[in-house]
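FYI, side chains are in, hydrogens and waters are out, and symmetry mates aren't considered; it's all heavy atoms of this structure. In this text, all values refer to a predicted model and were calculated from it rather than measured experimentally. Order of listing sets the numbers, starting from 1, for every ligand and every atom in it. Sequence positions, counted from 1, serve as the residue numbers for this chain.
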Amino acid sequence: MKIACIGGGPAGLYFAISMKLRDPAHEVHVFERNPRGVTFGWGVVFSDQTVENLMANDPKSARTIADEFAHWDDIDVHIRGECIRSSGHGFIGIGRMRLLEILQDRAAELGAVLSFESECDPDDPKWAEYDLVIASDGINSRVRDRFADAFGVDVDQRANRFVWLGTSKVFDAFTFAFEETDAGWVWAHAYRFAPDCSTFIVECSEQTWRGLGFDTLDQADAIARCETIFAKYLDGHALISNAAHLPGPAVWLNFRRIKCERWSHGKFILLGDAAHSAHFSIGSGTKLALEDAIKLADVLNRPALGQEAALFEYHAERSLEVLKLQNSARNSTEWFETLERYLHFEPLQFAYSLLTRSQRISHENLRLRDKDWLEGVERWFWERAGVTGKTAAPMFAPFRLREMSLENRITVSPMAMYSAVDGTPGDFHFVHLAERALGGAGLVFTEMTCVSPEGRISPGCTGMWAPGHVDAWRRITGFVHANSRAKICLQLGHSGGKGSTKLGWEGNDVPLDDGNWPVMAASDVQWSPVNQRPKAMTRADMDMVREQFVAAVRMGEEAGFDMVELHAAHGYLLSSFITPLQNRRSDDYGGSLDNRLRYPLEVFAAMRAALPPHMPMSVRISANDWAGDDGVTPDDAVAIAEAFARQGADLIDVSAGQTSTDARPVYGRMFQTPFSDKLRNEARVATMAVGNIYEPDHANSILAAGRADLVALGRPHLIDPMWTLRAAAALDYRDIHVPPQYLNGQAQLARNLKREAEAAAALRV
Ligand SMILES: Cc1cc2nc3c(=O)[nH]c(=O)nc-3n(C[C@H](O)[C@H](O)[C@H](O)COP(=O)(O)OP(=O)(O)OC[C@H]3O[C@@H](n4cnc5c(N)ncnc54)[C@H](O)[C@@H]3O)c2cc1C
Ligand SMILES: Cc1cc2nc3c(=O)[nH]c(=O)nc-3n(C[C@H](O)[C@H](O)[C@H](O)COP(=O)(O)O)c2cc1C
């Protein structure tokens with residue numbers, strides 16, 4: 001094959017090497033616009049896994065690269081005069097220029113032709129001479145822009161500004177240095193990549209960038225200002241730019257996240273940054289470019305495949321890898337963009353939050369890297385929870401809301417069981433809730449318990465409107481208190497326009513075949529075309545429902561509950577006021593967020609006033625309607641949380657969605673936790689995170705990073721009432737209360753899990 005590569009960065013050069021290795025008969029010509037020896041950027045970091053992949057592909061160049069690596073283990077986080085050092089991170093780095101030299105030499109040795117100072121135009125007729133033209137022309141790819149529609153290009157320009165500098169100061173750790181200036185915070189990502197040289201990336205928000213005058217300063221003055229800001233880290237060494245040759249007025253950039261739906265168009269094939277980009281803060285762009293090159297060379301050299309199938313396989317495999325990395329990179333990018341949120345953390349927690357920002361590194365990963373450091377974090381966490389000198393998983397630390405002390409941070413999320421008769425919880429509820437309390441969770445929520453027969457979702461929903469309900473609930477709370485350390489919270493709600501539907505497993509949100517009762521909501525907006533059109537509530541309806549909530553709170557206290565939660569999420573009655581997707585009112589209860597919140601806040605305040613001051617009260621909200629600016633956004637949710645907190649909410653239970661059938665949720669591991677993080681650290685309220693959290697490691701990572709105060713698990717508890725006890729056994733945590741009847745089982749499980757872990761560790765060695 002006769003192949004042209006437009007761009008002699010890591011992608012183009014490594015592709016040339018990989019093609020020639022597989023078949024020396026290929027003619028590969030690499031065109032690079034820069035002169036030899038000139039490039040942007042400084043060092044790049046790799047993981048061990050990337051090096052293994054390079055070794056397998058071309059041991060010769062991989063060995064040369066590996067011989068030149070700078071290795072370091074530590075990460076230093078400098079903030080407010082403190083340096084938090086953790087170890088075991090195992091980085092390897094190399095200068096970008098040196099990497100390119102190694103790849104250039106190897107490509108030439110294998111017979112590829114390299115032409116420097118060759119600016120390429122995608123419309124140049126010379127491409128007709130080639131079988132394939134590889135667009136390895138980087139993040140600002142001209143080829144990609146020329147055929148943007150064909151490639152399905154999606155560009156997301158991020159908010160912060162950064163500049164990629166170098167310095168002769170040799171850092172002995174990967175260094176994050178955060179400095180406060182009059183115009184806001186500026187920070188550096190710095191690491192050594194050669195015996196005498198380090199990368200030094202400076203980043204800040206757009207506002208700070210302008211405030212510091214970086215928008216008007218020329219390169220030399222901007223660098224001098226950075227030297228002043230970071231003087232204490234540079235020890236008199238200068239910061240240096242090697243981007244002076246780049247076109248454009250400034251060296252400061254906004255990172256652009258690139259995605260392409262398709263990676264080939266005719267004979268043009270995208271490779272590396274031209275096809276995708278990953279934020280520099282997770283340092284994986286070069287790795288992706290090199291691994292793309294290996295895969296593309298692989299598929300093109302399997303003649304049986306045919307070119308179409310080869311390109312299909314290339315795109316299918318690589319785009320999945322890219323997606324994973326871009327997800328982590330997005331978390332990391334957002335962490336730096338929302339830095340203000342974490343600046344009130346103590347330095348140790350700030351560093352933990354930084355290290356776990358991409359959600360690729362968890363609590364247990366950190367234990368493997370630096371056990372002592374992680375145990376220091378755990379001790380700190382327990383100390384803040386009021387227990388000094390204890391080192392154990394954060395999920396087992398106590399938590400207090402008003403006079404209610406929770407034994408640990410795990411809760412059983414509210415879950416409808418559709419098994420009540422006329423609102424009365426029966427034997428099923430007794431066993432279900434009792435079992436989960438015995439299973440070790442600190443707090444057990446009831447399902448949404450409805451304040452009136454008409455406020456039920458289905459005929460099987462539990463209720464709190466009749467004296468018989470109080471007795472039935474008292475039987476349950478009595479057992480929980482007598483036999484476990486768990487506290488029990490009554491979730492109260494009204495179904496609104498989503499009421500009068502079948503039992504969950506007979507059809508979610510589907511109206512009853514017969515016996516439907518009339519429903520009401522904020523407005524007469526149907527949940528879906530098959531649901532009833534609700535009556536828009538009058539003021540008299542609102543008074544009536546508020547009093548039903550107040551009566552239910554009083555009954556809840558009488559029934560022995562420790563806490564009450566108001567359900568104002570998921571499109572039910574109170575949520576139908578909050579979300580603009582359901583609320584079409586033109587009176588004081590519709591329109592602005594303040595208006596939409598007026599009635600839910602009125603109900604909350606009335607309930608709070610009816611509850612004794614020692615009892616805590618929470619509210620569950622949908623922090624994102626998943627409908628863009630048409631619905632409640634996470635920013636709105638901050639205002640919503642603040643408004644409920646002002647009415648005395650002790651905890652915001654941060655759920656999301658289920659407010660419209662048009663919502664487009666983005667699911668994934670811990671997918672709603674970012675909203676809990678945002679509310680907790682912007683509105684400064686206690687929060688509970690929920691949603692696809694299923695491993696102890698998830699819970700510990702969330703809690704230690706200050707992303708929530710409590711962690712709720714729903715579905716995991718449906719299948720395993722003993723989830724918390726099992727986690728205690730797995731983490732060898734002995735201080736959890738185990739019902740005495742179950743002690744032998746707990747001890748056996750702990751022993752077996754320990755043995756399994758030891759066997760697995762022995763195998764790894
Ligand atoms: C601040 C910063 C820090 C980074 N840190 C890391 C890190 O630590 N680790 C890591 O793995 N990655 C890092 N990256 C990302 C990394 O630089 C890229 O992902 C990687 O270089 C991609 O390789 P590439 O060959 O696809 O593109 P590039 O390296 O950009 O190469 C493209 C080449 O094409 C040439 N070119 C462009 N247009 C034309 C044209 N029309 N004609 C001829 N030649 C052309 C360019 O001059 C360039 O040499 C960082 C990026 C930034 C911005
Ligand atoms: C069967 C079932 C019933 C549910 N019922 C309720 C409920 O009554 N009240 C409520 O606020 N959330 C309810 N939810 C939502 C859960 O509390 C939880 O937010 C959701 O399942 C996500 O958490 P998970 O991924 O841990 O399951 C229910 C979820 C399930 C699976």
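- Between the choices Val143, Ile282, Asp137, Ile139, the shortest heavy-atom distance to atom 37 (C) of ligand 1 belongs to Asp137.
- Near Tyr191, meaning under 4.0 Å from any of its heavy atoms, are these atoms of ligand 1: 8 (O).
- For ligand 1, the atoms lying closer than 4.0 Å to a non-hydrogen atom of Gly138 are 27 (O), 30 (O), 32 (C).
- Distance from atom 19 (O) of ligand 2 to its nearest protein heavy atom, with residue and atom name: Arg620 NH1, 3.1 Å.
- Summarising the geometry of Arg620 relative to Pro414, their closest heavy-atom pair is NH2-CD, 3.9 Å, with the distance given to 0.1 Å.
- Listed by atom number, the atoms of ligand 1 under 4.0 Å from Arg142 heavy atoms are 41 (N).
- At the shortest separation from atom 9 (N) of ligand 2 among protein heavy atoms lies Gln491 OE1, 2.9 Å.
- Of the protein's heavy atoms, Arg715 NE, 4.2 Å lies nearest to atom 21 (O) of ligand 2.
- Atom numbering of ligand 1 starts at 1 in the shown order; those under 4.0 Å from a heavy atom of Phe162 are 1 (C), 53 (C).
- Two rings, from Trp263 and His276, have their centers less than 6.0 Å apart.
- For atom 48 (C) of ligand 1, the nearest non-hydrogen atom from the set His189, Glu32, Arg256 comes from Glu32.
- No hydrogens or angles considered: nothing links the side chains of Asn53 and Thr50 as a donor-acceptor pair under 3.5 Å.
- A cation-pi contact, defined as under 6.0 Å to the ring centre and within 45° of the axis, links Lys498 to Tyr572.
- For the residues Gly283, Ala293, Ser136, Gly285, the heavy atom positioned nearest atom 15 (C) of ligand 1 is part of Gly285.
- Aromatic rings of Phe31 and Trp127 (six-membered ring for Trp) have centroids within the 6.0 Å cut-off, being under it.
- Using a 4.0 Å cut-off between charged nitrogen and carboxylate oxygen, Lys287 and Glu291 count as a salt-bridge pair.
- Scanning the protein heavy atoms around atom 52 (C) of ligand 1, the nearest turns out to be Trp164 CZ3, 3.2 Å.
- The single protein non-hydrogen atom nearest to atom 26 (O) of ligand 1 is Asp273 N, 2.8 Å, given as residue, atom name and distance.
- Below 3.5 Å of separation, one finds no N or O of Gly272 facing any N or O of ligand 1.
- Classification of the Phe255-Phe162 ring pair by plane angle, with boundaries at 30° and 60°, yields tilted.
- From the protein, the heavy atom lying nearest to atom 8 (O) of ligand 2 is Met448 N, 2.9 Å.
- With Phe151 as the aromatic partner, Lys259 does not meet the cation-pi criteria of under 6.0 angstrom to the ring centre and within 45 degrees of the ring axis.
- Salt bridge present: Asp123 and Arg146 bring a charged side-chain N and a carboxylate O closer than 4.0 Å.
- The closest protein non-hydrogen atom to atom 10 (C) of ligand 1 is Thr286 OG1, 3.2 Å.
- When hydrogens are left out, the protein atom nearest atom 34 (O) of ligand 1 is Gly7 CA, 3.2 Å; that is the closest non-hydrogen contact.
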- Query: Stepwise, does the ring pair (Phe, Tyr, Trp, His ring centres under 6.0 Å) test hold for Phe193 with Phe69?
  - Reply: CA-CA 7 Å; Phe193 63 83; Phe69 273 136; over 10 Å; no
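- Closest protein heavy atom to atom 45 (C) of ligand 1: Arg33 CG, 3.6 Å.
- Interface of Ile201 with ligand 1, defined as ligand atoms under 4.0 Å from a residue heavy atom, comprises 1 (C), 3 (C).
- Scanning the protein heavy atoms around atom 9 (N) of ligand 1, the nearest turns out to be Val45 N, 3.4 Å.
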- How far apart are the C-alpha atoms of Trp187 and Phe176, what are their side-chain angles, what is the distance that settles it, and do they pass the ring pair (Phe, Tyr, Trp, His ring centres under 6.0 Å) test? CA-CA 7 Å; Trp187 54 96; Phe176 290 104; over 10 Å; no
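- When only non-hydrogen protein atoms are considered, atom 25 (O) of ligand 1 lies nearest to Ala11 N, 2.9 Å.
- With ligand atoms numbered from 1 in the order given, ligand 1 contributes 43 (C), 44 (N) to contacts under 4.0 Å with heavy atoms of Phe31.
- With atom 1 (C) of ligand 2 as the reference point, the heavy atom nearest to it among Ser413, Gly504, Ala416 is part of Ala416.
- An N or O contact shorter than 3.5 Å links Cys120 to ligand 1 by distance.
- Regarding atom 29 (C) of ligand 2, its nearest protein heavy-atom neighbour is Met415 CG, 3.6 Å.
- For ligand 1, the atoms closer than 4.0 angstrom to any heavy atom of Glu119 are 40 (C), 41 (N), 42 (N).
- Taking the six-membered ring where the residue is Trp, the centroids of Tyr191 and His189 are separated by 6.0 Å or more.
- Closest to atom 16 (C) of ligand 2 by heavy atom, among Pro414, Gly493, Gly714, is Pro414.
- For the pair Arg161 and Trp252, the cation-pi test (distance below 6.0 Å, angle within 45°) is failed.
- Using a 4.0 Å cut-off between charged nitrogen and carboxylate oxygen, Glu321 and Arg318 do not count as a salt-bridge pair.
- Protein heavy atom in closest approach to atom 20 (C) of ligand 2: Val690 CG2, 4.6 Å.
- Electrostatic pairing of Arg33 and Glu117 does not count as a salt bridge here, judged by no charged N lying under 4.0 Å from a carboxylate O.
- Ligand 2 is never approached by Gln672 to a heavy-atom distance shorter than 4.0 Å.
- At under 3.5 Å, not a single nitrogen or oxygen of Ser655, backbone or side chain, sits near a nitrogen or oxygen of ligand 2.
- Ion pairing of Glu101 with Arg96 is absent here, as no side-chain N (NZ or NE/NH1/NH2) approaches a carboxylate O to less than 4.0 Å.
- Closest to atom 6 (C) of ligand 1, if we only count protein heavy atoms, is Val44 CG1, 4.1 Å.
- Using a cutoff of 4.0 Å between basic side-chain nitrogens and carboxylate oxygens, Asp137 and Arg142 are not scored as salt-bridged.
- In summary, the atoms of ligand 1 found under 4.0 Å from a heavy atom of Ser118, numbered by their order in the structure, are 42 (N), 43 (C).
- Trp72 and Phe91 have parallel rings, their planes meeting at less than 30° on a 0 to 90° scale where 60° marks the start of perpendicular.
- The aromatic rings of Tyr418 and Trp505 sit perpendicular to each other, their planes meeting at more than 60°, with 30° as the lower class boundary.
- Under 4.0 Å from ligand 1, the heavy atoms of Lys287 that appear belong solely to its backbone.
- Of all protein heavy atoms, the one lying nearest to atom 22 (C) of ligand 2 is Gly691 CA, 3.9 Å.
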